[in-house]
Amino acid sequence: MIRQCFIIFGCLAIGELIVWLTGISIPSSIIGMLLLAALLQMKLIRLDWVKGISEFLIGNLGFFFVPPGVALMLYFDIIQAELLPIVVATVISTILVLMATGWTHQLLKNKADNKKKNYGTAEQ
Amino acid sequence: MELLSNNIVLLALTFGVYYGARQLQKWTGWVVLNPILVTIAVLIVFLKLTGISYDTYQEGGHYIDFWLKPAIVALGVPLYQHLGQIRRQFVPIIVSQLVGCLVGLVSVVLIARWMGASREVIISLAPKSVTTPIAMEVCSAAGGIPSLTAAIVVCVGLLGAVFGFKMLEVWHVRNPYSQGLGLGAASHAVGTSRAMEKGDTYGAYASLGLILNGVLTALLTPYVLRLMGVA
């Protein structure tokens, strides 16, 4: 458990350090995530060293959002004053992101898969 | 009343309500009764009724959202496990993320401005699709209200988690990779936790969408806002 925590918090700490040193506008947690994936890929860390804690953290990811969500109560007045623009813009834009990303990926992936298939038959 | 505003009591309440909300969803099977959503609603009603301030709640609450950052680091594990697959379809993934990121930024600014939202609110809405720590940093750098962003980010996440898969089905986006990516890009970690429930592949691609849209949004938002004349 201690080793698991050390790895996770170590990656996060290096992320914080990089942000502090470079003033980069990427959050430390994202840098830590990329670092962890890189360390696993380079076999410097074994998967079973972090498996337990990462399953626990990812499994409860949603729960950690409860306190920032409760902060909504602080902005009832702003939200009330601009309710319609906030709700309409948020809902429509979220649907658009979902569709644009999913649809573009499916289209490009199918194209790539077909190409591969054609190469396959040509080689035969 | 003093006992109710004790840190430990409020933490216990948060755990208890969440546990109850999860049981309720299991029992009814209704997707709309998302446990995060139900817990937030119950806690807000409780705090309003008892007159406890958010600051008092947050004295205990920050022990919970403290774990957000380590949890995002932990997403490096599914990312690593699917690295090979990701490398094989690098172009579709990067292009679709770029499209999704720009569509999200431009559409939310255009609609909010057209409907008469104030400048602060428009900026606070801009990074809505990405995970809280990124969204708050992007927002404050551009001159918005970071905690309004945080609250909107959670709502967007819930929207994706509750209706995301259904919407993708309607639009004939059927393969698990595209569904996962879309859900992660549009509704960050909350969408990703929903995708994890559906399966490992969905979850891995959702975390990929969360990461890439997070990084792209962090990099592009300042320029897009400037180009659109907001910041």
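So that the names make sense, note that chain A is the first sequence line, chain B the second, and so on, each numbered from 1.
Listed by sequence position, A/Leu47, A/Val50, A/Lys51 are the residues of residues 46-53 of chain A in contact with chain B, using a 4.5 angstrom heavy-atom cutoff.
Residues B/Val153 and B/Pro127 approach most closely at CG2-O, 4.2 Å, considering heavy atoms. Here the closest heavy-atom approach between residue B/Ile122 and residue B/Ala117 is recorded as CD1-O, 3.7 Å. Scanning all heavy atoms of the two residues, the minimum distance from A/Ser29 to A/Leu12 falls at CA-CD1, 3.7 Å. Counting all heavy atoms, side chain and backbone alike, B/Thr192 lies closest to B/Gly203 at CG2-O, 4.0 Å.
Heavy atoms of B/Gln81 lying under 4.5 Å from chain A belong exclusively to its side chain. Both the backbone and the side chain of A/Phe63 have a heavy atom closer than 4.5 Å to some heavy atom of chain B. Both the backbone and the side chain of B/Ser147 come within contact range of chain A, judged by heavy atoms closer than 4.5 Å. Residue contact with chain A, scored on non-hydrogen atoms closer than 4.5 Å, involves the backbone and the side chain of B/Phe15 alike. In this structure, chain A has heavy atoms under 4.5 Å from both the backbone and the side chain of B/Met167. Within the 4.5 angstrom heavy-atom criterion, only side-chain atoms of A/Tyr75, from C-beta onward, approach chain B. Contacts of B/Ile93 with chain A are made by both backbone and side-chain atoms, with heavy-atom separations under 4.5 Å. Interface remark: B/Val215 contributes side-chain atoms only to the contact with chain A (heavy atom separation under 4.5 Å). Both the backbone and the side chain of A/Gln41 come within less than 4.5 Å of a heavy atom of chain B. Proximity to chain B is absent for every atom of A/Leu39, based on heavy atoms less than 4.5 angstrom apart.
Top candidate by heavy-atom pairs under 4.5 Å with chain B, chosen from A/Ile8, A/Leu40, A/Asn60, is A/Leu40. For the set A/Leu34, A/Leu107, A/Ile86, the entry with the most heavy-atom pairs within less than 4.5 Å of chain B is A/Ile86. Here B/Gly100 is the residue among B/Ala161, B/Cys101, B/Gly100 with the most heavy-atom pairs under 4.5 Å with chain A. Taking A/Lys109, A/Lys111, A/Glu55 one by one and counting their heavy-atom pairs under 4.5 Å with chain B, the maximum is reached by A/Lys109. Considering only heavy-atom pairs separated by less than 4.5 Å from chain B, the leading option among A/Gly32, A/Cys11, A/Ala81 is A/Gly32. In terms of non-hydrogen atom pairs under 4.5 Å with chain B, the most contact-rich of A/Ala100, A/Ala71, A/Ala112 is A/Ala71. Per-residue counts of heavy-atom pairs under 4.5 Å with chain A were compared for B/Gly60, B/Ser118, B/Gly116; the largest is that of B/Ser118. Heavy-atom pairs under 4.5 Å with chain A peak, among B/Val91, B/Ile64, B/Val154, at B/Ile64. Looking only at heavy-atom pairs under 4.5 Å with chain A, the residue among B/Pro70, B/Gly61, B/Gly180 that has the most is B/Pro70. Most heavy-atom pairs under 4.5 Å with chain A: of the set B/Ile211, B/Leu43, B/Thr39, this distinction falls to B/Ile211. Per-residue heavy-atom pair counts under 4.5 Å with chain A were compared for B/Leu79, B/Leu148, B/Val103, B/Val99, and the maximum is reached by B/Leu148.
Within the structure, the ring-ring contact (aromatic ring centres under 6.0 Å, His included) test picks out no pair touching residues 71-118 of chain B (sequence neighbours left out).
Annotation: side-chain hydrogen bond (donor to acceptor under 3.5 Å, both in side chains) contacts of A/His105 (sequence neighbours excluded): B/Gln89, B/Ser178. For A/Glu16, the salt bridge (Lys or Arg N to Asp or Glu O under 4.0 Å) partners two or more places apart in sequence, or in a different chain, are B/Lys69.
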Begin from the C-alpha positions of A/Ser93 and B/Lys128 and carry the test side-chain hydrogen bond (donor to acceptor under 3.5 Å, both in side chains) through to its verdict.
CA-CA 9 Å; A/Ser93 176; B/Lys128 67 177 187 335; 3.0 Å; yes
Would B/Glu169 and B/Lys166 count as a salt bridge (charged side-chain N to carboxylate O under 4.0 Å, His left out) here? Give the steps.
CA-CA 5 Å; B/Glu169 293 287 334; B/Lys166 235 168 245 167; over 6 Å; no
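In this structure, B/Tyr54 contributes its side chain and B/Ile44 its backbone to no donor-acceptor pair below 3.5 Å. With hydrogens and angles disregarded, no donor-acceptor distance shorter than 3.5 Å links the side chain of B/Ser193 to the backbone of A/Leu61. Panel note: side chain B/Ser53, backbone B/Thr56; a donor-acceptor pair is recorded below 3.5 Å. Judged purely by atom type and a 3.5 angstrom limit, A/Gln106 uses its side chain to pair as donor or acceptor with the backbone of B/Arg174. Distance alone, capped at 3.5 Å, places no donor-acceptor pair between the A/Thr101 side chain and the B/Gln97 backbone.
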